[in-house]
Structure formats: C-alpha cells, structure tokens
Protein chains: 2
Amino acid sequence: MSSTERLQRYLADERGGCGDEEVSQRLAELEEIDAAAGGPALDQDVGLLSALANETRYKIVRILHVAGEELCVCEFAPLLDVSDSAISHALSQLTDAGLITRRKEGKWRKYRATARANAVLIALDGSRELRL
Amino acid sequence: MSSTERLQRYLADERGGCGDEEVSQRLAELEEIDAAAGGPALDQDVGLLSALANETRYKIVRILHVAGEELCVCEFAPLLDVSDSAISHALSQLTDAGLITRRKEGKWRKYRATARANAVLIALDGSRELRL
DNA sequence: CATTCAATTGAACAATTATTCAATCATACT
DNA sequence: AGTATGATTGAATAATTGTTCAATTGAATG
C-alpha cells in the first residue's frame, strides 16, 4: 500500500469527494508546504538546536545571556559542575553553532552570547506559560 | 588550585584591585547570575530543545507550523523519509515536549503545532541573518 | 465477529554524544 | 630559558539516542 493511497482514502473519508483531481491538488499543496518547511536553513537550525540541547551548554548560554556582557571562562566555570575540559568542548560547539563568540585577552578567554542566542532564549522565556 | 583562586587572580589581573571584598562581591554577583540562569524551567527547556534537535522531528514541527492548521499523519508522512514507526515515535516525543498536540478523528490522528513551537520557530526565522 | 487499516508500542541494534584523562598550546612571569 | 597558569585538543569510554522490525491497539467495515 503506497502512501498516496492512504492519503486518497483519507480525503475520501474526510471530504466525501474522492476524485483524482482532489487528491492531486492536496498533494500539490503538501509539496508546497514541504518545500517551505525544508529550506537550506534546516540543517543549520538543527545544528543550533543540537548545541543548545544539553544541560551544560544550555546553562552556559543562559549564564552569558543573563550576564548581558562578556564573561571570562574563569568566572562561569565555577557555576558548572563538569571539568574544565568539558566546558571547553562545550564552548567550542556553541561557537560553531553561532550561539556565542570568543575574544582573547592576555591568557584569559572571554565569551559572549550572540544576538541569535538571545533571540532564542527570549522566545523560550516568552512562551513558557502558553498552554496551547 | 581552587576555582575561586583562579577568579581571584583574574580580578587582580583585570582590575588591579585584589582585595578579598572585591572577590567576594564578584562571587556574589556570579551566584546571582547563576540563580537567574538555572531556574526550574531549565530542564523543561532542555527537553524541548532536545525534542527539536533532530531532523525528522524538526521537520515535522516545521511542516505543521507552515501548514498553519492540523494535519493528519497520513498527510505529512509521505514528506518524511523514515518509517511510520519512526514518525510515531517522533510524534510522541514532540507531544511530551509540548511542541505539538494530538486529536483523534475516527481512525485518523491529527497533529497541530503549539503556540510554544510557533514562538521558537519564529525566533529562529527572525534571527537567522543576524551576524552577532 | 472477522478483517482491514491507521497508528502506536516495545525490543533490539547501530550510531551518535557527553564526559573525563592526559597531553598540548599560548601567554605571562622570574 | 624555565616555570606556572588558563584554556584547548584528542583519544577513549560510558551513556544516550534514532531507527527499524515485529507485534499490538483501536476504529471502521463487510
């Protein structure tokens, strides 16, 4: 049983009409939705979300977001309960994903949340109460 | 070497002052940042982000978002190149995370993106061009 | 009530990921 | 030059995740 057959049965069931044109029209609409949904930005978005989808990394971005300024690694490392090495790996992934930026200052390294990171966190904060 | 010692050296290096009060004041500020960053919503947020951090699941939410209405599983399944079983697992995770809702209609199942899902996708769309 | 079909569930396995340890790089200080 | 320190890197391993297959549920239909 092909997937278009199932769709055909669904449309017949749902709308009474079971003509071939109705099926192919809905198929065309769905193709359009698919095209709009699956742009080239999809991989980049999934990359960003994967970078945020971890407690250590999310907390780093949160801290930098709340701080509102660049922070030295040595300032936020004590707030995280993993090794320095793990923190460094996390910072590297977050930088690659475009969520934070790095600046050198002597032997210290300072990180700051990007506008993109702030936008996502603000959206999360603003939608947390929504029930639907 | 404790982490507060490193912070102490950093503050001495950065600001000249190396008094104990300056260190403990900065520590207090950082604790406050930590408290603001690590609320109880953190786990929920990471859960939501983990649910979105996968191509199949992200694409489902994108499709439902673009569609702007509820869709039958049989309508969007053909747009995804994984098994029906994988789709069902994905739908279950997305529902748990609060990104989609489910409604039964006869033997069909219809899903819709939640307001929270829409908010996050809009933030991603709106911030994609930002360079910093 | 037996059958068909849409969708879901659970078990299994492959693939990916998160963390740590050890070593290294880079900068400053003596 | 030699040493100390902040941070990063790579390799190894444990833990988690994503998908499929097989079996099941629940609703409609003959």
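Chain letters run A, B, ... following the sequence lines, proteins first and then strands; every chain starts at 1.
- For the contact set between residues 48-65 of chain B and DNA chain D, defined by any heavy atom under 4.0 Å, the members are B:N54, B:T56, B:R57.
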Check nucleotides 28-30 of chain D against the protein and report each pair of N or O atoms closer than 3.5 Å, with its distance, or say if there are none.
none

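- No salt bridge links A:D13 with A:R6; every basic N to acidic carboxylate O contact stays at or beyond 4.0 Å.
- A continuous path of hydrophobic side-chain contacts links A:L42 to B:V82 [ILVMFWY only; heavy atoms under 4.5 Å].
- A salt bridge (Lys or Arg N to Asp or Glu O under 4.0 Å) with B:E105 holds for exactly one of B:R102, B:R103, B:K107; it is B:R103.
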Collect all protein-nucleotide pairs involving nucleotides 8-11 of chain D in which both atoms are nitrogen or oxygen and the distance is under 3.5 Å.
| residue | atom | partner | partner atom | Å |
| --- | --- | --- | --- | --- |
| D:dT8 | OP1 | A:Y111 | OH | 2.3 |
| D:dT8 | OP2 | A:S88 | OG | 3.0 |
| D:dT8 | O5' | A:S88 | OG | 2.9 |
| D:dT9 | O4 | A:S85 | OG | 2.7 |
| D:dG10 | O6 | A:S85 | OG | 3.3 |
| D:dG10 | O6 | A:H89 | NE2 | 3.1 |

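- Here C:dA7 presents its P atom at 13 Å from CD of B:E70, a figure rounded to the nearest Å.
- Rounding to whole angstrom units, CH2 of residue A:W108 and C1' of C:dA28 are separated by 11 Å.
- Remark on DNA chain C: of its neighbouring residues A:L7 and A:S83, the 5'-side contact belongs to A:L7, judged by nearest-heavy-atom nucleotide.
- Salt-bridge check for A:E14 with A:R26: failed, with every basic side-chain N at 4.0 Å or more from each acidic carboxylate O.
- Taking atom CG on A:L11 and atom C1' on C:dA6, their separation rounds to 15 Å, with Å as the unit.
- Ion pairing of A:D45 with A:R116 is present here, as a side-chain N (NZ or NE/NH1/NH2) and a carboxylate O approach within less than 4.0 Å.
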